[in-house]
Amino acid sequence: MAVQSSFKNMTLCLFAVCIVSSALLAAVYAVTKEPIDAAARAKTTNAIAQVVPEFEGEPVSCTIEVGGKEYSYYVVSKDGVPVGYAINTSSVGYGGPVALMVGMTADRVVYNTTVLSQSETPGLGAKCTEPEFADQFRNFNPSEKKLSVKKDGGDIDAITASTITSRAYVSAVEAAVTVFDAIAAAGTSTTTEMEETAEN
C-alpha cells in the first residue's frame, strides 16, 4: 500500500508541476508576444525603407506563387502610384540560407538590397552584409547588366574566397527579379489583391 500511495503522490505532484509550468509559459507568452511582434514589424518596416524609393503611407503586404513557391512582398506607393516592391527571397549559401529583402522599382531596376539573416563564415561569407559587396546591387538594371558573378561571366565582383556565398546572394536577387516579373504579369489581379488587403 505504501508503494501505491507513493506512486500516486508522485503522479499528482508531477501533474501539478506540469499545470503550473504550462500556466507560467502561457503567462510569459501573453506578456512578451506584443513586444516581440512589434519588434518584428519594426525590423520589417526598416528593411523595406532601406530597399525602396521614398514612399507615402504604409506598405501593402502581398503574396504570390512563382514556380510552385510562395513569396511575400510589399508594395509601396507615392501619390497613389506604386513606386517600389520589397520582395523577400533566399538562397542557400555556404553556412545555410541567405535571406534578403530586395527592392525593385516600378521600371524593373534593383533599387537596393539588405540581408535579413545569414549564417555565413565570419570574415568571409559574412562580408555579404558589407557595403563593399552589397552596394554592387544598388540601382542594378538586369536588362543592361548580367546578374551573376564575374567568374560566371557576369558583372558582380564575388567576395574573396567566398564564391558560394556570392552566388547565393546573386541567386536570391535573381529570384526577386523573377518574382517582380510575375507581379508585373499578374497586373490587374495584383492590384485587386492590394486593394483588398488595404481595405482589411
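Only heavy atoms go into these numbers, but all of them, side chains included; no hydrogens, no water, no symmetry mates.
For residues 95-106, the set of pairs meeting the side-chain hydrogen bond (donor to acceptor under 3.5 Å, both in side chains) definition, not counting sequence neighbours, comprises Thr105-Asp107. Residue pairs meeting the salt bridge (Lys or Arg N to Asp or Glu O under 4.0 Å) criterion with at least one member in residues 62-83, sequence neighbours excluded, do not occur. Sorted by first and then second residue, the salt bridge (Lys or Arg N to Asp or Glu O under 4.0 Å) pairs involving residues 157-177 (not counting sequence neighbours) are Lys150-Asp157, Asp152-Arg167.
Taking a 6.0 Å sphere around CD of Glu56, one finds it holds more than 12 heavy atoms contributed by other residues, nucleotides or ligands. Crowding of Glu58 atom CD: a count of heavy atoms from other residues, nucleotides or ligands under 6.0 Å not exceeding 12.
Side-chain contact between Arg108 and Ser143 is present, with heavy atoms from C-beta onward closer than 4.5 Å. Within the 4.5 Å cutoff, the side chain of Val102 has heavy atoms near those of the Val110 side chain. Looking at Val75 and Cys62, their side chains come closer than 4.5 Å, going by heavy atoms from C-beta outward. No side-chain heavy atom of Thr63 sits under 4.5 Å from any side-chain heavy atom of Tyr71. Here the side chains of Val115 and Cys128 are in contact, with some heavy-atom distance below 4.5 Å. With contacts defined as side-chain heavy-atom distances shorter than 4.5 Å, the pair Tyr169/Val173 qualifies.
Distance alone, capped at 3.5 Å, places no donor-acceptor pair between the Asn141 side chain and the Val109 backbone. Ser166 places no side-chain N or O within donor-acceptor distance of the main-chain N or O of Ala158, the cut-off being under 3.5 Å. Side chain of Gln118 to backbone of Glu120: a donor-acceptor contact under 3.5 angstrom is found. Although no hydrogens or angles enter the test, the distance criterion places no donor-acceptor pair under 3.5 Å between the side chain of Asn112 and the main chain of Gly103. The closest donor-acceptor contact from the side chain of Ser119 to the backbone of Gly95 lies under 3.5 Å.
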Verdict with supporting geometry, Val52 and Tyr74, side chain to side chain contact (heavy atoms under 4.5 Å, CB included): CA-CA 10 Å; Val52 295; Tyr74 300 86; over 6 Å; no
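The two residues Ala182 and Val66 come nearest to each other via the heavy atoms CB-CG2, 3.6 Å. The two residues Val170 and Leu147 make their nearest non-hydrogen contact at CG1-O, 3.2 Å. Here the shortest heavy-atom pairing between Thr129 and Ala126 reads OG1-O, 3.0 Å. Here the closest heavy-atom approach between residue Ala172 and residue Ser91 is recorded as N-CB, 4.0 Å. Scanning all heavy atoms of the two residues, the minimum distance from Leu124 to Ile159 falls at O-CG2, 3.6 Å. Among all heavy-atom pairs drawn from Ala168 and Gly93, the shortest one is CB-CA, 3.7 Å.
Separation of atoms CG (Leu100) and OG (Ser90) is listed at 8.0 Å; rounding is to 0.5 Å. Here the CG-NZ distance, from Asp155 to Lys146, works out to 9.0 Å after rounding to the nearest 0.5 Å. Taking OG1 of Thr121 as the reference point, atom NZ of Lys127 lies at 11.5 Å (rounded to 0.5 Å). We find the CD1-CD1 distance between Ile87 and Ile48 to be 11.5 Å, quoted to the nearest 0.5 Å. Taken to the nearest 0.5 Å, the CE atom of Met101 stands 8.5 Å off from the OG1 atom of Thr114.
Residues Phe180 and Tyr73 keep their aromatic ring centres 6.0 Å or farther apart. Between Tyr111 and Phe140, the distance from one ring center to the other does not fall under 6.0 angstrom.
If you chain together hydrophobic residues whose side chains sit under 4.5 Å apart, Val76 and Tyr85 never meet in one group. No continuous path of hydrophobic side-chain contacts links Met104 to Leu116 [ILVMFWY only; heavy atoms under 4.5 Å]. Cluster membership for Ile164 and Val149, using ILVMFWY side-chain heavy atoms within less than 4.5 angstrom, is not shared. Grouping the Ile, Leu, Val, Met, Phe, Trp and Tyr side chains by contacts below 4.5 angstrom, directly or via other members, places Val177 with Phe137.
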